[in-house]
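Accompanying notes for the structure given below.
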2 protein chains.
Amino acid sequence: MPEPNQELVLDRLIHEPGRLAILTVLSSVKSADFVFLQRTTGLTKGNLSSHLTKLEEAGLVQIEKRFVLKKPNTSVELTKVGRKRIAEHWSRLDRLKNLAQPHPQE
Amino acid sequence: MPEPNQELVLDRLIHEPGRLAILTVLSSVKSADFVFLQRTTGLTKGNLSSHLTKLEEAGLVQIEKRFVLKKPNTSVELTKVGRKRIAEHWSRLDRLKNLAQPHPQE
DNA sequence: TCAACTAGTTTGTACTACAAACCTGAGGAG
DNA sequence: CTCCTCAGGTTTGTAGTACAAACTAGTTGA
């Protein structure tokens, strides 16, 4: 039983490339709509849709659907929890990365 | 058809948490053995074994098996390609992360 | 002789990401 | 009207895969 260093465990829900991209983009804006997210992440509509559903079920994002100019418009923003979790994920990645240059003193 | 920004596409083979840990650890040393990798990554033997097999098949690591003190000893090191790919992966992650603070001028 | 340990490998299954098919309402064109 | 096509999504079937658990094989100790 090696102690698994809990500080480094990566959450697959967040780590998945598509969702990591979505959450990272969202962390830089108040909110974004479906079409914008599709452009910035490069995901297909289908995959973006199902990733967003997962993220919503997990409580990481909040989704609002309305009609704008008679077209459906899906607006997404991070929840407080989501904002915290994506920041934490990036800092875990940093810690992992820094394992690679650990030759400081001695 | 949004242009998927090829510079940001993450390779799932490398991105998977267990393998990302293995490759990152390996990138800081000349070589490491099975037991050392198990301790540093926190993976179980079974999972470490199958991840190493995948990485070897992909040409990212080179594995040598011998007996040391009458015990089996599996020594792993990055190939040239592997070293390049893990470095590239981390720089893609950096670029993704930096999408999140893009408010420079204007 | 047999139990337990080290150092791994193999296997069965439960999950899940993706592509492709589908849905729904809004404009045109004729 | 009736038919097309488009925008903006959602649902579904399947192929792939990560993991836990079971297994293997050689060593040491009692």
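In what follows, chains carry the letters A, B, and so on, assigned in the order in which the sequence lines appear, proteins first and then strands, with residues in each chain numbered from 1.
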Contact pattern, 5' to 3', of nucleotides 15-30 of chain D - B, S or - by protein heavy atom under 4.0 Å: --SSBBB-----S---
Touch class at under 4.0 angstrom, heavy-atom based, for T74(A) against every strand present: sugar-phosphate
Sub-4.5 Å side-chain heavy-atom contact between L20(B) and I86(B): yes
Gap between atoms NE2 and P, on H15(A) and dT16(C) respectively (whole Å): 15 Å
Integer-rounded Å distance: dT9(C) P and L55(B) CG: 13 Å
Euclidean distance, atom NZ of residue K65(A) to atom C1' of dG25(C) [Å, nearest integer]: 15 Å
Protein-nucleotide distance (L20(A), atom CG; dT16(C), atom C1'), rounded to Å: 17 Å
Connected via hydrophobic side-chain network under 4.5 Å: L60(A) and L10(A): yes
Test item: E77(A) and K30(A) side chains (from C-beta on) under 4.5 Å apart, heavy atoms: no
Rounded distance in Å - CD (Q38(A)) to P (dT10(D)): 11 Å
Minimum heavy-atom distance between T79(A) and Q62(A), given as atom pair plus value: CG2-N, 3.9 Å
Heavy-atom closest pair, residues V81(B) and G59(B): CB-O, 4.1 Å
Whole angstrom value for the distance that separates P of dG8(C) from CD of E64(B): 13 Å
dG9(D) OP1/OP2 closer than 4.0 Å to side-chain N/O of S49(A): no
Gap between atoms CG and C1', on L37(A) and dA7(D) respectively (whole Å): 16 Å
E16(B) with R12(B): basic N within carboxylate O range, under 4.0 Å: no
Rounded distance (Å) that lies between atom C1' of dC18(C) and atom CD1 of I22(A): 13 Å
